[in-house]
Amino acid sequence: VPSWNAMISTYFQVGQVEEAFKLFDEMPQRNVVSWNAMISGFAEHGYLLEAFSLFQQMPERNKVSWNIIIKAYAGLNKLNEAVQIFEQMQQENVGPNAITFITLLDVCGNTAALSSGIWVHRCILDCGFEVDVHVWTALISMYAKCGCLDNAHLVFDKILCKNVATWTTMISSCAQYSLGEKALQMFKDMHLKGIMPDKVSFVTLLSACSYASLVDEGFNYYLTMSEAYNFASVPEHYTSLIDLLGHVGWLDEAEKMILHIPLQPN
RNA sequence: CCCCUAGUAGA
């Protein structure tokens, strides 16, 4: 059964929805993972009716099944529906896990629903299980997206196990609140704490330089990334640099850069 | 490495 399940997921990953369903239909036995894989794949490709229908039909559901449905609503920015499913799962004695909360926080952030985000935060604390760094980071992100940088900072300060993603969330939040210098300072602080930047944190850093109109710093950081860290550039790096040139009015340089990057400009 | 998992550009 795991082999069939893996094939179903693979078909969805390459967009072959019909092939996936054919396998599900033909496989000799199915387990809850088979059903979950189908529901998740259907939902991800926009086949929501099919997803919901399978969810109704499936013989047994686990936490993942419920999380997939919450995610389906979250993907549509349907916060109220997502919360309803969250409450329904608990009525059916299926407890949430970290992923449940992360999914809910994500939709709160995307819809700037601060009061709901605070409510989810409280649920997390009430739940009593130990909160991992993924959930903490999702909380920071939610507060920042909801316009509450102060709360984001409060959460950030309390986290003991900050990793590069946690720092990047905070750096990005500062940049989005036009605190470019502060964002750069945090990048340095992160480095001082011995946490190594990765590609995503460099994208964030370069965009912070753009917000702060710091051309030299931005290009120096870009060189550091390429030469000291040996990271290959992704399109986002170039976009950030071009954006930086544009922000300070160096339009000729920006245009030149578009013509010279080793990627097809989109 | 059978299903749902946090941070990133431009608009």
Side-chain angles (χ1 to χ4, degrees), chain A residues 1-13 20 23-24 27 30-44 51 54-55 58 61-72 74-75 85 89 94 96-106 109 131-142 144-145 152 155-156 159 161-176 183 186-187 190 195 197-211 218 222 233-247 254 258 265-266:
Chain A
V1 178
S3 309
W4 288 82
N5 293 345
M7 287 169 68
I8 288 173
S9 295
T10 304
Y11 272 123
F12 276 121
Q13 275 167 33
L23 278 186
F24 179 74
M27 62 196 292
R30 301 170 193 90
N31 60 16
V32 64
V33 175
S34 323
W35 288 86
N36 287 343
M38 280 309 300
I39 296 167
S40 170
F42 269 148
E44 216 152 83
L54 287 186
F55 182 73
M58 66 194 299
R61 297 170 186 149
N62 61 13
K63 285 185 207 296
V64 174
S65 321
W66 289 95
N67 287 347
I68 291 166
I69 297 299
I70 292 173
K71 187 192 161 182
I85 301 295
M89 80 188 271
V94 181
N97 62 12
I99 295 171
T100 317
F101 289 123
I102 288 167
T103 308
L104 287 170
L105 290 171
D106 190 51
V131 184
D132 69 17
V133 66
H134 287 72
V135 176
W136 287 124
T137 304
L139 269 168
I140 298 172
S141 179
M142 181 280 292
K145 286 177 183 163
V155 174
F156 179 79
I159 305 175
C161 49
K162 299 182 186 69
N163 62 19
V164 64
T166 319
W167 281 92
T168 304
T169 307
M170 209 54 233
I171 292 167
S172 157
S173 304
C174 290
Q176 278 159 24
M186 294 200 77
F187 186 85
M190 173 179 84
I195 292 168
D198 63 5
K199 284 187 187 186
V200 173
S201 50
F202 272 111
V203 173
T204 305
L205 178 68
L206 296 180
S207 81
C209 290
S210 178
Y211 278 105
Y222 176 70
S233 302
V234 296
E236 288 91 333
H237 294 128
Y238 294 119
T239 313
S240 295
L241 290 173
I242 294 162
D243 179 57
L244 170 55
L245 292 171
H247 265 171
I258 294 172
N266 62 14

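Throughout, a chain's letter reflects where its sequence line sits, starting with A, and its residues are numbered from 1.
Residue A:Thr239 has its side chain nearest to B:rG10 when only B:rG10, B:rC2, B:rU8 are considered. Here the nucleotide nearest the side chain of A:Tyr211, chosen from B:rU8, B:rG10, B:rC4, is B:rG10. Here the nucleotide nearest the side chain of A:Glu236, chosen from B:rC3, B:rU8, B:rU5, is B:rU8. For A:Asp243, the listed nucleotide lying nearest its side chain is B:rG10; candidates were B:rA6, B:rG10, B:rG7. In the set B:rU8, B:rU5, B:rG7, the nucleotide with an atom closest to the side chain of A:Thr169 is B:rG7. In this structure, the nucleotide among B:rG7, B:rA9, B:rC2 sitting nearest to the side chain of A:Ser141 is B:rG7. Ranking B:rU5, B:rC2, B:rA9 by closeness to the A:Gln176 side chain, first place goes to B:rA9. Of the candidates B:rG10, B:rC3, B:rG7, B:rC3 carries the atom nearest the A:Asn36 side chain, counting heavy atoms from C-beta on. With B:rC4, B:rG7, B:rA6 as the choices, the nucleotide that has an atom nearest any side-chain atom of A:Ile68 turns out to be B:rC4. Of all nucleotides listed (B:rA6, B:rC4, B:rC2), B:rC4 comes nearest to the side chain of A:Ile99.
Nearest heavy atoms, A:Ser65 versus A:Met58: OG-CE, 3.6 Å. Taking all atoms of both residues into account, the shortest heavy-atom contact from A:Ala20 to A:Met38 is O-SD, 3.9 Å.
Taking atom CH2 on A:Trp4 and atom C1' on B:rC2, their separation rounds to 14 Å, with Å as the unit. Taking atom CG of residue A:Asn62 and atom C1' of nucleotide B:rC4, one finds them 9 Å apart after rounding to whole Å. Remark: P of B:rU5 and CG of A:Asp106 are 10 Å apart, rounded to the nearest angstrom. Rounded to an integer number of Å, the gap from CH2 of A:Trp66 to P of B:rC3 is 22 Å. Put simply, CD1 on A:Ile195 is 19 Å from P on B:rA6, counting in whole angstrom units. Rounded to whole Å, atom P of B:rC4 lies 16 Å from atom CZ of A:Phe55. Remark: C1' of B:rA6 and CG of A:Leu105 are 10 Å apart, rounded to the nearest angstrom. Separating the CD1 atom of A:Ile258 from the P atom of B:rA9 is a distance of 18 Å, rounded to the nearest angstrom.
Close to B:rC2, at under 4.0 Å from its OP1 or OP2, lies no side-chain N or O of A:Gln13. Side-chain N/O atoms of A:Lys71 include one lying less than 4.0 angstrom from OP1 or OP2 on B:rU5.
Separating the C1' atom of B:rA9 from that of B:rU5 is a span of 23 Å, rounded to the nearest Å. Rounded to whole Å, the P atom of B:rA6 lies 14 Å from the corresponding atom of B:rC1.
Note: A:Trp35 and A:Phe24 meet the aromatic proximity criterion, with ring centroids under 6.0 Å apart. Taking the six-membered ring where the residue is Trp, the centroids of A:Phe187 and A:Trp167 are separated by 6.0 Å or more.
Residues A:Ser34 and A:Trp4 fail the side-chain proximity criterion, which asks for heavy atoms closer than 4.5 Å.
Looking at A:Ser210, its side chain never comes within 3.5 Å of a backbone N or O of A:Leu206 through a donor-acceptor pair.
Side chain to side chain, A:Asn67 and A:Asn97 meet the donor-acceptor criterion of an N or O pair below 3.5 Å.
At a threshold of 4.0 angstrom between heavy atoms, the contacts of A:Val135 with the nucleic acid are absent. Base engagement by A:Ala165 is indicated by at least one non-hydrogen atom pair under 4.0 Å involving a base atom. The residue A:Asn163 sits close to a base: some heavy atom pair falls under 4.0 Å. Within 4.0 Å (heavy atoms only), A:Asn97 reaches no atom of the nucleic acid at all.
Judged by atom type and distance alone, A:Asp198 reaches the base of B:rG7 through a side-chain donor-acceptor pair under 3.5 Å.
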